[in-house]
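Written out below as structure tokens is the structure these notes cover.
Atom set for the values below is all heavy atoms of this structure, side chains included, hydrogens, waters and symmetry mates excluded. We name chains A, B, ... by the order of the sequence lines, and we start the count at 1 in each one.
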There are 2 protein chains.
Amino acid sequence: MSSQPASMRDVAHRAGVSLSTVSRVLRGAPGVAPDVRLRVQRAADELSYVVSRNASGLVTGRTGRVAVVVPFLQPWFFGVVLSGVSDALREADLDMLVYQVGETRAREGWTRALPLRRNSDAVVTVSMDLSEDECHRLDDVGVPVVLVGQCVPGRASVYIDDRAGAAGATRHLLNLGHTRIAYIGARREEWSSTSSRHRLEGYGAAMATAGLAPWSVGKATGHAGGELAMGELLSDQDPPTAVLAEFDDIAMGAHRILRRSGVRVPGSISLMGFDNHDAAAVLDLTTVDQAPYDTGLAAGRLTVGILDGKARTDTHVEMPTQIILRQSTAAPRGARGLST
Amino acid sequence: MSSQPASMRDVAHRAGVSLSTVSRVLRGAPGVAPDVRLRVQRAADELSYVVSRNASGLVTGRTGRVAVVVPFLQPWFFGVVLSGVSDALREADLDMLVYQVGETRAREGWTRALPLRRNSDAVVTVSMDLSEDECHRLDDVGVPVVLVGQCVPGRASVYIDDRAGAAGATRHLLNLGHTRIAYIGARREEWSSTSSRHRLEGYGAAMATAGLAPWSVGKATGHAGGELAMGELLSDQDPPTAVLAEFDDIAMGAHRILRRSGVRVPGSISLMGFDNHDAAAVLDLTTVDQAPYDTGLAAGRLTVGILDGKARTDTHVEMPTQIILRQSTAAPRGARGLST
DNA sequence: CTGTTAGCGCCTTCAA
DNA sequence: TTGAAGGCGCTAACAG
């Protein structure tokens with residue numbers, strides 16, 4: 001209604017008290033008579049008054065805002081993480097600023113380009129896979145940083161054990177009786193995140209433990225890469241009986257190729273993904289769940305904890321992964337594994 | 001490094017000029033000697049100085065921030081829209097605040113609970129399907145509002161023509177020669193958004209034009225609903241030869257049931273979705289694309305335009321929809337349609 | 001318990 | 001073209 005939104009003065013006036021009293025009430029500070037508190041609250045309500053974080057922040061030095069930096073906003077994963085972060089911040093009455101900075105190569109200098117400096121109380125990076133350099137530049141911003149999907153010693157990090165997840169997935173296939181297990185991932189030159197590296201390592205380790213040689217194919221990321229890689233595998237003179245993909249998107253591309261080629265899943269080839277993508281359920285894809293919502297929630301709460309001085313800035317939170325069994329994996333034909 | 005971030009005074013000091021000069025340079029205001037401008041800029045760079053939006057906003061009354069309100073953050077759709085909004089705002093150097101307010105019934109009073117009032121320059125709502133009441137309460141906030149995915153006369157809206165999209169999809173199926181075309185949507189009591197209503201109407205209209213009676217099944221939303229609805233249709237004594245789903249998630253659930261039941265798509269039943277969900281490509285699902293990224297971009301730009309006084313607050317932008325032909329639709333067996 | 005005072009960091013007059 | 005002064009809305013010390 002009012003073209004000029006009410007200010008604290010208006011509330012004070014209406015309640016018949018001074019500015020500081022209004023301030024105290026609205027901040028929930030102690031030392032205000034109950035009846036006065038009530039009167040002020042009513043006055044504020046009637047004027048639909050909301051404290052300007054701008055002005056209060058100027059004094060307190062806190063903005064009431066947390067910046068969340070993501071490379072992309074489109075992939076399913078980030079929305080889910082953000083959802084968790086958002087819920088956690090809301091609990092603490094903090095606002096969430098979201099910055100999309102694009103792929104690694106294009107984001108030179110985002111640490112300074114973004115108005116982080118005095119405009120947010122903390123920075124949460126999601127799957128940014130920061131270099132040492134970027135980390136240091138973030139320090140310059142002078143606010144606590146929480147890394148999601150990346151584990152850096154000495155820094156607040158929330159992440160999953162990609163190695164263990166991939167190893168577990170590999171073991172699942174091994175236990176079913178598979179020995180010819182291929183791994184499809186993104187080509188290292190295109191997308192060499194730490195998580196990417198760890199998953200490959202986990203696969204390799206599990207294979208080694210089983211006394212088997214690793215067999216990995218690296219193509220582009222996403223559906224397209226999965227299609228290419230699976231095409232290659234199907235053209236091998238002795239194709240695998242099971243395939244583990246670095247993430248579900250890749251698995252989905254592979255699935256499509258298998259469907260089109262008339263190769264039965266899991267009849268002829270078992271296929272397994274990683275991430276528990278939304279659509280994995282639709283494809284009945286066995287996969288590794290990494291609970292991105294919980295990760296976001298944990299990251300948000302850790303951020304709040306750090307801001308409240310209740311958590312250390314070098315806290316590490318490792319989120320569990322979990323194998324989600326669906327219809328895309330089974331024992332190979334004539335297996336001598338668990339499926340006897 | 002400095003624990004206390006540099007302030008404008010520090011920059012002024014370092015450049016050997018006054019505060020106002022620094023302010024002018026950093027705002028790009030005219031009336032500063034080129035060499036001075038340069039000197040100030042260098043000083044600011046060296047101190048990695050960033051203007052505090054908090055402080056400047058206090059004076060100018062503008063916060064440099066736009067609030068984007070979404071019901072959920074997890075579904076694919078919102079991430080894509082946000083991505084577009086983010087890019088548009090970034091062009092104008094505006095920050096994006098994101099608020100997730102939950103489902104309709106749970107969001108009583110979000111218009112006042114959120115610190116929108118003096119904390120953002122504009123509000124963008126995405127698929128919020130605001131009631132008259134909520135719209136008015138938003139007016140109270142006193143900032144321009146842009147509605148995405150909802151068309152309200154007299155208010156800035158960016159939306160698609162759901163009716164036309166659904167009608168087009170139906171016509172696609174009709175043209176292929178189908179006559180027994182069923183529609184699966186979310187049950188009205190669960191999710192009665194305008195968009196939902198319009199899609200059903202579009203389907204109904206196209207059927208009517210073709211002289212056919214509509215046949216719609218309403219179940220839960222999401223995969224689950226699609227599964228239930230398709231189950232019901234498959235149990236009909238004369239099942240449809242084509243099915244149009246209100247959105248891709250539902251179509252995917254239906255697809256799963258068809259796959260499990262051994263019903264060939266599109267051999268026995270053609271299946272069509274709406275939205276062009278990420279995973280629709282993987283399932284080879286014919287669908288209606290509604291370009292959510294472009295929608296977000298348009299909404300963001302419209303917001304910027306309104307803030308700059310270059311666009312009217314009642315601008316309507318209708319985004320085009322487009323049929324994406326994939327492998328899930330074909331002429332029915334023995335059709336006399338286009339497929340002769 | 002309440003009110004008064006002095007800034008927070010910046011932009012906007014106005015005067016030089 | 002530049003500098004000095006005032007105040008944006010609020011909080012934090014202090015006084016009462």
Side-chain angles (χ1 to χ4, degrees), chain A residues 2-41 43-44 47-65 93 115-121 142, chain B residues 2-41 43-44 47-65 93 115-121 142:
Chain A
S2 45
S3 54
Q4 282 301 69
S7 85
M8 207 172 230
R9 188 179 8 248
D10 302 322
V11 180
H13 213 77
R14 189 178 183 102
V17 295
S18 76
L19 275 177
S20 6
T21 303
V22 177
S23 172
R24 277 191 274 262
V25 171
L26 265 34
R27 270 178 301 134
V32 180
D35 58 319
V36 176
R37 188 177 288 276
L38 220 67
R39 216 166 61 229
V40 170
Q41 234 134 28
L47 295 168
S48 347
Y49 172 77
V50 178
V51 174
S52 159
R53 292 211 145 129
N54 256 13
S56 66
L58 202 52
V59 179
T60 60
R62 293 186 49 160
T63 62
R65 264 168 252 129
D93 206 36
L116 300 172
R117 187 156 281 269
R118 276 169 183 289
N119 298 293
S120 54
D121 296 337
Chain B
S2 49
S3 56
Q4 282 298 69
S7 87
M8 207 172 229
R9 188 183 1 249
D10 302 320
V11 180
H13 213 76
R14 188 178 186 100
V17 294
S18 75
L19 277 175
S20 358
T21 302
V22 177
S23 170
R24 276 190 276 261
V25 171
L26 265 33
R27 271 177 302 131
V32 180
D35 57 321
V36 177
R37 188 179 290 275
L38 220 65
R39 217 168 59 230
V40 170
Q41 234 133 28
L47 295 168
S48 349
Y49 172 76
V50 178
V51 174
S52 158
R53 287 192 138 100
N54 255 12
S56 65
L58 201 52
V59 179
T60 60
R62 290 185 55 160
T63 64
R65 264 168 253 128
D93 204 37
L116 301 172
R117 185 157 284 267
R118 275 168 182 289
N119 299 294
S120 55
D121 296 338

Q: Enter the distance from His13(B):NE2 to Leu47(B):CG here, rounded to the nearest 0.5 Å.
A: 11.5 Å

(Q) With rounding to the nearest 0.5 angstrom, report the OG to CG distance, Ser7(A) to Leu19(A). (A)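 Ser7(A) atom OG to Leu19(A) atom CG measures 7.5 Å (nearest 0.5 Å).
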
Return the value, rounded to whole Å, for the distance between atom [atom1] of [X] and atom [atom2] of [N].
X: Arg39(A); N: dC1(C); atom1: CZ; atom2: C1'; value: 13 Å
X: Arg9(A); N: dG7(D); atom1: CZ; atom2: P; value: 11 Å
X: Leu26(A); N: dG9(D); atom1: CG; atom2: P; value: 16 Å
X: His13(A); N: dG3(C); atom1: NE2; atom2: C1'; value: 15 Å
X: Asn54(A); N: dT11(D); atom1: CG; atom2: P; value: 12 Å
X: Arg62(B); N: dG9(C); atom1: CZ; atom2: C1'; value: 19 Å
X: Leu19(B); N: dT12(C); atom1: CG; atom2: P; value: 14 Å
X: Asn119(B); N: dG9(D); atom1: CG; atom2: C1'; value: 11 Å

Q. With no hydrogens and no angle check, is any side-chain donor or acceptor of Arg39(B) less than 3.5 Å from a backbone partner on Ala15(B)?
A.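 Side chain of Arg39(B) to backbone of Ala15(B): a pair is present.
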
**Q.** Pair of N/O donor and acceptor under 3.5 Å linking dG9(C) base with Arg53(B) side chain
**A.**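 Per atom types, no contact qualifies.
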
Q. Does the dA4(D) base have a donor-acceptor partner in the side chain of Ser20(B) within less than 3.5 Å?
A.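 Result: at least one qualifying N/O pair found.
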
Picking from [options], which would you name as closest to the side chain of [X]?
X: Met8(B); options: dG3(D), dT11(D), dC10(C); answer: dC10(C)
X: Ser18(A); options: dC8(D), dT4(C), dT11(D); answer: dT4(C)
X: Ser52(A); options: dT2(D), dC10(D), dA13(D); answer: dC10(D)
X: Leu58(B); options: dG9(D), dG3(D), dT11(D); answer: dG9(D)
X: Arg24(A); options: dT2(C), dC10(D), dT2(D); answer: dT2(C)
X: Ala33(A); options: dC1(C), dG7(D), dT11(D); answer: dC1(C)

Q | Pairwise 5' ranking along DNA chain C for Val36(A) and Ser7(B), keeping only the more 5' one | A | Val36(A)

Q: For Arg53(A) and Asn119(B), work out which heavy atoms get closest and say how close.
A: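 Shortest heavy-atom separation between Arg53(A) and Asn119(B) comes out as N-OD1, 2.8 Å.
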
(Q) Looking at dA12(D), I'd like to know if its phosphate oxygens (OP1 or OP2) sit under 4.0 Å from a side-chain N or O belonging to Arg27(A). (A) yes

Q: Report yes if at least one side-chain N or O of Ser23(A) is closer than 4.0 Å to OP1 or OP2 of dT11(D); otherwise report no.
A: yes

(Q) Testing the 3.5 Å rule here: is there a donor-acceptor pair between the side chains of Thr63(A) and Asp121(A)? (A)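 Yes, side-chain donor-acceptor contact under 3.5 Å.
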
